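Chain A is the first sequence line, chain B the second, and so forth, proteins listed ahead of strands; every chain is numbered from 1. All heavy atoms count here, side chains included; hydrogens, waters and symmetry mates do not. Everything numeric here is computed off the predicted structure, so don't read it as measured data.
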Amino acid sequence: MKPPKLQAVRGMQDLVGEAAARFERVVDAFREVGRRFGFRRVEVPVVEFTAVFARTLGETTDVVAKEMYTFDDRGGESLTLRPEFTAGICRAFVANGWAQHVPMKLMTHGPLFRYERPQKGRYRQFHQVDAEVIGAAEPQADVELLALADMLLAELGIGGVTLQLNTLGDAASRAAWREALVAHFAAHRDALSDDSRRRLETNPLRILDSKDEADRALVAEAPVIDSFLTSEAGAFFEAVQRGLAAAGVAFVRAPRLVRGFDYYRHTAFEFVTDRLGAQGTVIGGGRYDGLIEAMGGPPTPAVGWAGGIERLMALSAEPPPEPLLAVIPETAEAEPAAARVALQLRRAGIATDFAFRGNQKRRRELAARAGATDLLFVRPGEALELNLVGDYPDESAQRARAAALRAALPEAQLLVRGAPA
RNA sequence: GCGAUCGUAGCUCAAUCGGUUAGAGCACUGGUUUGUGGUACCAGGGGUUGCGGGUUCGAGUCCCGUCGAUCGCCCCA
């Protein structure tokens, strides 16, 4: 029935109306909280040379091994659609010498691509909001970033999400821990699931969040990072936790939390929920102090996180209705006057709906469907009649709205109905 | 890549045990009515039941294949 060519590519979606509005709301809230914290917008390409991701994320991570959208361009260069933000931002940082601007507080959002089977809260083209602090080694940078994420969730009315916090230690701590984990799991190799036996070779830390029953029993006995932390790493983690407490950001210690990419050091965290099926992570991130140096830049400490816009959309509360005024000509003769009034309102900054066609009755229907909170009727040679029909919280809100509209139409005669005088 | 479930109008769905011409709401189009808080009335257009094959007197319904979707595994935002 539908020609196959007109179908969207698997895992990529078209959004209008309610869904598009929710998407926009997440981005708006993100921009707003970012502004409060002094983050600046950064724009980086959607496509990078494949090596940018392959080298920085870790060759054995699943994203690199099997999930990248990689292709050769006409010059034979291997390019990849970005599967995450951090690698591209760091590449830009090194390539452009942004070290001179350090510390940088950067924010961005946009599409990412991962070749996976789509399911709830998970798409091949998905979108993230992303915040990074580059060039700050202080634990307060971690704290501020977490407070930003916490505020974003609050702004969107998202509850039931908990911040799970862990440290992966510095390079020495992490290496020692990893070695101990390999030894522990290798000793119980026979009891491990097939998947985890494979992980033992490729990415042993990932065994820690296996969903397999038998694995979980072994994971419960596995060594914890704490005994391997250097004193510096331990002190840093302490400082982050104290800072969060002082900032009033609630968290739980998750001693077995690890992250998917190889570049994380020290702080690692996820905001998780049980409301998204198998995909519990809404926002995830951590510190990646060695990454920029490893890419060939100057030694530069950094922290960051990314949040899935589709997941935030799914969790966010119903957005409050925006005020919208519909201008409705009573008759065909009133049409030019009504168009003038609509334009005047728009110049004054009032969101105004003005239907392209239809009689008065039809336009009332269209206005209702457009979500109009107010109707303004225009008749030739008579006063404009304003009808406040939306659900206003109280009378003072209605009065304020009426006053704002009167101010937008200073020389017009306005008859207000449906509102207290 | 693997598994489970599901594909009927633009959307959401109905159709008894396999049985006559596949229905309804919303949306759309035309008209009637109406001085005003999404809600009146009449009519109309719109379907090879995802696609291909099979079983049967007869398939939207059963079987096989295929494509797609959803959810899960893996992994992650």
Presence of A:R198 side-chain N/O under 4.0 Å of B:C74 phosphate oxygens OP1/OP2: no
Grab the [atom1]-[atom2] distance between [X] and [N] for me, whole Å please.
{"X": "A:L208", "N": "B:C76", "atom1": "CG", "atom2": "P", "value": "12 Å"}
{"X": "A:R124", "N": "B:C74", "atom1": "CZ", "atom2": "P", "value": "18 Å"}
{"X": "A:L388", "N": "B:G38", "atom1": "CG", "atom2": "C1'", "value": "16 Å"}

Residues in salt bridge (Lys or Arg N to Asp or Glu O under 4.0 Å) contact with A:D150, at least two apart in sequence or another chain: none
Bracket string, RNA chain B, 5' to 3' - pairs by Watson-Crick or G-U geometry under 3.5 Å, | interstrand: (((((((..((((.....[...)))).(((((.......))))).....(((((..]....))))))))))))....
What does [X] touch in the nucleic acid at a heavy-atom separation under 4.0 angstrom: a base, only the sugar-phosphate, or nothing?
{"X": "A:E84", "answer": "nothing"}
{"X": "A:F261", "answer": "sugar-phosphate"}
{"X": "A:E270", "answer": "nothing"}
{"X": "A:R259", "answer": "sugar-phosphate"}
{"X": "A:V282", "answer": "sugar-phosphate"}

Options B:G38, B:U36, B:C74, nucleotide nearest the side-chain atoms of A:A368: B:G38
From B:A77, B:U36, B:C76, nucleotide with atom closest to A:N387 side chain: B:U36
Ring geometry between [Y] and [X] (parallel below 30°, tilted from 30 to 60°, perpendicular above 60°):
{"X": "A:F269", "Y": "A:F271", "value": "perpendicular"}
{"X": "A:F236", "Y": "A:H266", "value": "tilted"}
{"X": "A:F37", "Y": "A:F39", "value": "perpendicular"}

Salt bridge (Lys or Arg N to Asp or Glu O under 4.0 Å) pairs, two or more places apart, involving residues 117-137 of chain A: A:E116-A:R122
Toward the 5' end of RNA chain B, by each residue's nearest nucleotide, A:F377 or A:Q128: A:F377
First encountered from the 5' end of RNA chain B, between A:G280 and A:Y115: A:Y115
Identify each atom pair where a protein N or O and an N or O of nucleotides 27-31 of chain B are less than 3.5 Å apart, giving names and distance.
residue	atom	partner	partner atom	Å
B:C28	OP1	A:R362	NH2	3.4
B:C28	OP1	A:R369	NH1	2.9
B:C28	OP1	A:R369	NH2	3.1

B:C76 base / A:R311 side chain donor-acceptor hit below 3.5 Å: yes
Pairwise distance CG(A:L181) to CZ(A:F228) - rounded to 0.5 angstrom: 7.0 Å
Between the protein and nucleotides 69-71 of chain B, which nitrogen or oxygen pairs come in under 3.5 angstrom?
residue	atom	partner	partner atom	Å
B:A69	OP2	A:R10	NH1	2.8
B:C71	OP2	A:K120	N	3.0

Flag if over 12 foreign heavy atoms under 6.0 Å of CD, A:Q140: yes
A:E322 atom CD, neighbour heavy-atom count above 12 within 6.0 Å: no
Within residues 112-166 of chain A or reaching into it, pairs that qualify as ring-ring contact (aromatic ring centres under 6.0 Å, His included) - sequence neighbours excluded: A:F23-A:H127, A:Y69-A:Y115
